[in-house]
Amino acid sequence: MKKTGDEYFDSQEFREILANYEESIDTGQPVFMDADDLAEIADYYQMAGELDKAEQAISLALSLSPGAIAPLTYRIHEALYQGDSQAAWDWLDQIVEKSEPDYIYDRAEILIAEEKVDEADSYLREEFKSVPPEEYQDYVVDVANIYSDYGYNEKAMEWIARARQEDTPDFQELMGRTLFGLGKYKDSAKIFTKLIDHDPFSLNYWNALASAQFMEEDYSASIQSSEYAIAIDPQDPDGLMAKANGLYRLNNFAEALKYYERYLEQVPDDVFAILYHGVCMANTGRRKEAIDILEKAKATGGVGSPYYNEIIQELAFIYNDEGQTDKGLAVLEEIDLESYDHVQFELMKGHLLMGADRIVEAETHFKNALTICDDFNEVYLRILVSIYENRYLETAYKLFGRYFAMAGKDNINGYAYMALCCYDMKRYDEFLTYLKRACEVNPRECRNALCHLFPEYIRPEDYYEYIKDKIKQ
């Protein structure tokens, strides 16, 4: 039996229930179980990716107890996952016990899935008036969990505020997930750290902590947390993905590649993972292999994939790096411009052309970007970064000076890139001057631009202090 990270499914109690069920199925004996147990067995099989066994268990539950809530709730969730809300309503109508809380939750969940959130909330608040006082806590926590699951975190927090604050793991996990959804990653990380203190072998907690740390851009800490998850289960997809993403953000492409590959062994059709597997290939010099992988990502996700335009963009970059600029420009024309930033489209064309020393053509597209943009300074800076990345160092150096004069004294952007430009030009005194300023005003940009110059454990705020006495001036 595979560990799931779910406390109940990994418990001895459930293991015994599952073993009894599987023995009955394997020997052809009648299954003497209630609908709730069979629905939980179906949930377990679904989580484990054994969909045929899940279907067998839920069909048996419905044949034994046609109007039972648990198996019908399973069917409702299945229909909603497939985007068929009408089927979900049909399954809801078959529930016999319409006064039970689970019926209320199912009805509200269908409304939420149909994006009728205000209607769902009015219904839940109306039903709340009839809840006995001893059941208040369970009701508000269950409702908050539904909203959290669907990403309505402000609504979830509204219902959490109605609850009695508890130190129980379930309540704290709900709070941690909701805070994460609200963008309060540091607070979320604190909660999951405390939960790990009480249960250091929880995959869910370690992966949740890794996600919060990743969003806080503390990539080294995120990698460390993911390693604990992988130590608990070496095949855990969430842990493998978290470590791959953290390594990628630290520009450790060779190691990231290994973990994307391990993840894809578990989840082979994940377009996001295929995409970044290809990007890592390209960044480790294996560009021809990267093209094949990105073409696979493109075919797997299709035009409707949320990653389609990013795939096209990466393919264009790689062809350009291979010296096939016209091929890169042709690939770029496959971008779905209805869902793509037109400014970015012009910047991409300019970047590719500049990489091929086609300066006049590049300038035309850069000027187009500046003409149609809403934020001149931001786009101008992006053009300067492109000029730097294409190794026109003297030009970039001069234009950065103009940019800082134009942007004004309150500007916090560009200093890390100017520091990098000075470093490459061996202007080390200026490198340190701009690095110090970047560390003070924009650590995020410091990490993005300069992390390859520093050990992973050094925070971007500390780059200047770390290197000031080590570099030749």
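Computed from a prediction, not measured in an experiment: that's the story for all the values here.
One distance of note links SG of Cys439 with CG of Leu450; it measures 7.5 Å at 0.5 Å rounding. Here Met354 contributes atom CE and Asn320 contributes atom CG; the two are 12.0 Å apart, rounded to the nearest 0.5 Å. A distance of 13.0 Å separates CG in Leu209 from NZ in Lys190, rounded to the nearest 0.5 Å. Taking OH of Tyr219 as the start and SG of Cys451 as the end, the distance is 9.0 Å to the nearest 0.5 Å. Atoms CD1 and NZ, from Ile318 and Lys327 in turn, are 12.5 Å apart once rounded to the nearest 0.5 Å. Rounding to the nearest 0.5 Å places CG of Leu250 at 4.5 Å from CD1 of Ile223.
Under a cut-off of 6.0 angstrom, the local environment of CZ in Arg391 is crowded, with over 12 non-hydrogen atoms contributed by other residues, nucleotides or ligands. Counting non-hydrogen atoms of neighbouring residues, nucleotides and ligands closer than 6.0 angstrom, the CG atom of Asp374 reaches no more than 12 such neighbours. No more than 12 heavy atoms of other residues, nucleotides or ligands sit less than 6.0 Å from atom CG of Asp52. The number of heavy atoms from other shown groups lying within 6.0 Å of OH (Tyr81) does not exceed 12. When the shell of 6.0 Å around CG of Asp197 is examined, it contains more than 12 heavy atoms from other residues, nucleotides or ligands. Within 6.0 Å of CZ on Phe180 lie more than 12 heavy atoms contributed by other residues, nucleotides or ligands. The number of heavy-atom neighbours closer than 6.0 Å to CD of Glu115, taken from other residues, nucleotides and ligands shown, is 12 or below. By the 6.0 Å contact criterion, CD on Glu154 is open, its count of non-hydrogen atoms from other residues, nucleotides or ligands being 12 or less.
Contact between Pro71 and Ser65 at its shortest, heavy atoms only, is CG-O, 4.5 Å.
Pro443 pairs by the side chain to side chain contact (heavy atoms under 4.5 Å, CB included) definition with Pro460, Glu461, not counting sequence neighbours. Contacts of His277 classified as ring-ring contact (aromatic ring centres under 6.0 Å, His included), with partners at least two apart in sequence or in another chain: none. Partners of Tyr340 according to the side chain to side chain donor-acceptor pair (under 3.5 Å) rule, which considers only residues two or more places apart in sequence or in another chain, are Gln313.
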Worksheet item: Can you check side-chain hydrogen bond (donor to acceptor under 3.5 Å, both in side chains) on Arg437 and Asn442, steps first, answer last?
Response: CA-CA 8 Å; Arg437 176 68 173 159; Asn442 199 336; over 6 Å; no

Worksheet entry | Stepwise side-chain hydrogen bond (donor to acceptor under 3.5 Å, both in side chains) check, Glu265 with Gln235 | CA-CA 9 Å; Glu265 290 174 4; Gln235 305 305 317; over 6 Å; no

Discussion item. Asn153 vs Tyr147, test: side-chain hydrogen bond (donor to acceptor under 3.5 Å, both in side chains). Steps then yes/no.
Written reply: CA-CA 6 Å; Asn153 293 289; Tyr147 278 123; over 6 Å; no

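In this structure, the side chains of Trp159 and Tyr139 come closer than 4.5 Å at one or more pairs of heavy atoms. You'll find the side chain of Tyr308 reaches within 4.5 Å of the side chain of Glu334, heavy atoms only.
A donor-acceptor contact under 3.5 angstrom links the side chains of Asp424 and Tyr388, judged on distance only. Between the side chains of Lys243 and Tyr259, at least one donor N or O lies within less than 3.5 Å of an accepting N or O. For Asp106 and Thr73, the side-chain atoms include at least one donor-acceptor pair closer than 3.5 Å. With 3.5 Å as the limit, one finds no donor-acceptor pair spanning the side chains of Asn283 and Tyr248. Between Asn145 and Ser148, the side chains place no donor N or O within less than 3.5 Å of an acceptor N or O (distance only, hydrogens not considered). A donor-acceptor pair shorter than 3.5 Å can be found between the side chains of Tyr150 and Glu109. Counting only N and O atoms by type, the side chains of Asp43 and Tyr74 include no donor and acceptor under 3.5 Å apart. In summary, the side chains of Ser59 and Glu55 do present a donor paired with an acceptor at a separation below 3.5 Å, with no hydrogens or angles considered.
At least one donor-acceptor pair under 3.5 Å links the side chain of Ser188 to the backbone N or O of Gly176. No donor-acceptor pair closer than 3.5 Å links the side chain of Asn309 to the backbone N or O of Ile335. Judged by distance alone, the side chain of Gln137 and the main-chain N or O of Arg164 form a donor-acceptor pair under 3.5 Å. Although no hydrogens or angles enter the test, the distance criterion places a donor-acceptor pair under 3.5 Å between the side chain of Asn390 and the main chain of Ser386.
Taking the six-membered ring wherever Trp is involved, the centroid distance between the rings of Phe272 and Tyr276 falls below 6.0 Å.
Annotation: cation-pi geometry not satisfied between Lys468 and Tyr466 (NZ/CZ under 6.0 angstrom from ring centroid, within 45° of ring axis).
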